[in-house]
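Since we're looking at a predicted model, the values are computed, not measured. Residue numbers start from 1 in every chain, and the chains themselves are labelled A, B, ... in the order their sequence lines are given, proteins ahead of strands.
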Amino acid sequence: MEIILKEKVKEAVQFIYNCKVDEELIQIQETRKDFKGDFTIVVFPLLRFSKNTPEKTGEMIGSYIVNNFTAVSGFNVIKGFLNLEISDKWWIDYFALMASEKSHLENCQVKNPETILVEYSSPNTNKPLHLGHIRNNLLGFSLYRILSACGNKVIKTNIVNDRGIHICKSMLAWQKFGNGETPSSSGMKGDHLVGKYYVLFEKEYRAQIGELVLAGVNENEAKNSAPLMKETREMLLKWEAGNPEVMSLWKMMNSWVYAGFDETYKRLGVDFDIIYYESDTYKTGRDIVIEGLKNNVLYKNEDSSIWADLTPEGLDQKLLLRSDGTAVYMTQDLGTAVARYNEYKFDKNIYVVGNEQNYHFQVLRAILKKMGYNWSDGLIHFSYGMVELPEGRMKSREGTIVDADDLITEMQETAREVSLELGKLAGFSDVEKEEIFRKIGMAALKYYILKVDPRKNMTFNPAESIDFNGNTGPFIQYTYTRIKSVFRKAEQTGIQFEYGRLTEVEAGIKEIELVKLLRKFPETVTASAQDLSPALIANYCYDLAKEYNQFYHDYSILGENDPVVRNFRLVLSKVTSEILYKGMWLLGVEMPERM
RNA sequence: GGUUCCGUAGCUCAGUUGGAUAGAGCAACAGCCUUCUAAGCUGUGGGUCCCGCGUUCGAGUCGCGGCGGAAUCACCA
């Protein structure tokens, strides 16, 4: 409609003032609720053609359009805003079209689909997942769904940081202080068991440092010379040398962690197409660096370490190979980026990584660009903000880390308590109830995290976030289940409803507001894919659910006697439920049929 | 100090390519369950959109300069 109106405005200006108008100068938007009309044309930019007051110009254009375009039945001008009223006939046809669209995602397809890699999660294998990982996983998975829905080919990848000094710490502590306990003997989830020994290591290590400092050693010295640290470094060397004993311990403990992660991923409802392990890739990238050196893109220091000079790009010097020839983090990422490009020829490679690594990805792109890899423009750091507690950052030292598994369990428990308190779900089996509690709890958690702009840091208040009222996932689920209930009831009482055909329409403002929202769905999904922001969809779903709830209260749906009006309301309900379902699906939130 | 990001109601957050009187939820107060699910709906109160200057018919939105907060600036990953 907007497009047609634009044409009409162009035509009007041409006819009245004999001037050609640039498309961009014609601004059309929906009329605000408080004013009469459906669409509004902002006339200010057109004054240069009319050389007249905004009011006069609006009048002139308005009357031209009313006289030359039957879909517009009337108009009014307030200040510089020309409000056009669209005829009922047009709306009826429009509703019919909307109601006939079975898949509301079809309009979101992009013209040129791309191959996109989304890398997310990227855990370390020495600790269980925490709240920060939850944000990462939910964002990554949702991006995958949104980009796929727009017709792109999306590959979900996860790169597991399974090697290095941190995992040796857990291994060493388990060897020294453990009594051979395993996940099955202790009844502990594997990742939590390994994490326990990591914490134990840090505790003992700190104690050793304290003793050394008391004995007069300075702190840095103490950190290096503490016996536990020495042992850990020895273990890392053994690991790198492929010592069979260390390798088998490493494999065993990592397998525990993976089993634990898998459980958490499953609960979160996320998965991956390909999982990479750093133990396989940490040596890659050397060849690329050496080639870069040959081409004089990089330079060698006196101590034979290799560097990139990024000062022309406004960045710093960056080390790429140590003097002993070993690789660093950046080297690895260079290697995997090139390898993946060769394998997939991706258009985009999206890294879902916290904003603490902004600099790292800036450097990564700059180096690849310097080396002549033009596809480096397709490397996108999807940078999200930290999750903080009301007291500030989560600190493992202070035990304020919010564990992922604990939080999920807590959300589901709360869902159960709230449901039972409200006296819902009578007549369901215990198994069915548990399934519904799970969906509600997860919706509360996922929605809470996804509704905020990913770029921003967010505050997680353990007491308040477990809210099920207002702008929350459960509210949207509730709205959806209510609609389901309406249709169950309709079926029971034998009320028929025709999905596609509408011949008349009830003139009512509320419905129009709801419709305005409904038709924005494809546009919202597209914008969300463009900005890589699931939050747009989340907030949209809330607005829609809220609008529907008002509609639900203001109008009787099944109790309406006029079959045409009743059918109209049923169609709106049906379309709303479908869009809510799809919107939440894009966020990875499951919808219960009842709650 | 350099770079990047953020600053909107007491709290948590929305706010479309710059458009009309800046919106929700939570918290507070007052109403609404014999009628399709009250996890809901209606109403009241609550604002120097961090500050200043500029661009513009028009700025929460764009530009510049401050102030405040976060992240980062390793031969860690």
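OP1 or OP2 of B:A39 sits under 4.0 Å from a side-chain N or O of A:Lys424. The side chain of A:Tyr359 places no N or O atom within less than 4.0 Å of a non-bridging phosphate oxygen (OP1 or OP2) of B:U72. When the side-chain nitrogen and oxygen atoms of A:Lys546 are compared with OP1 and OP2 of B:G23, none of them lie within a distance under 4.0 Å. A sub-4.0 Å separation between OP1 or OP2 of B:U37 and a side-chain N or O of A:Ser485 is present. Proximity of A:Lys484 to the phosphate of B:C36: no side-chain N or O atom is located under 4.0 Å from OP1 or OP2. Checking the phosphate oxygens (OP1, OP2) of B:A39, no side-chain nitrogen or oxygen of A:Arg482 falls inside 4.0 Å. At B:G23, one or more side-chain N or O atoms of A:Arg32 fall inside 4.0 Å of OP1 or OP2 (strictly under the cut-off).
Within the shown strands, nothing qualifies as a pairing partner of B:C75 under the Watson-Crick or G-U definition with both distances less than 3.5 Å. Here B:G68 sits opposite B:C6 as a Watson-Crick or G-U wobble pair (both hydrogen-bonding atom distances under 3.5 Å). Pair assignment for B:A59: none, as no Watson-Crick or G-U wobble contacts are both less than 3.5 Å. Base pairing of B:U12 is made with B:A24, judged by Watson-Crick or G-U wobble geometry with both donor-acceptor distances under 3.5 Å. With both pairing distances under 3.5 Å, B:U48 is matched to nothing as a Watson-Crick or G-U wobble pair. Pairing of B:C32, defined by two Watson-Crick or G-U wobble distances under 3.5 Å, is identified with B:G40.
Applying the side chain to side chain donor-acceptor pair (under 3.5 Å) test to every pair with at least one member in residues 523-539 of chain A, sequence neighbours left out, gives no pairs at all.
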Give every pair of a protein N or O atom and an N or O atom of nucleotides 6-9 of chain B that lie under 3.5 Å apart, one pair per line with the distance.
from : atom 1 : to       : atom 2 : distance (Å)
B:G7 : OP1    : A:Lys456 : NZ     : 3.2

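Nucleic acid contact class of A:Arg393 (heavy atoms, under 4.0 Å, all strands): sugar-phosphate only.
Checked by distance alone, A:Thr40 brings a side-chain donor or acceptor within 3.5 Å of a matching partner on the base of B:A20. A donor and an acceptor atom sit less than 3.5 Å apart, one in the side chain of A:Asn83 and one in the base of B:A20.
If you take atom P in B:C32 and the same atom in B:A14, they sit 35 Å apart, rounded to whole Å.
Taking all atoms of both residues into account, the shortest heavy-atom contact from A:Ala327 to A:Leu321 is CA-CD2, 3.9 Å.
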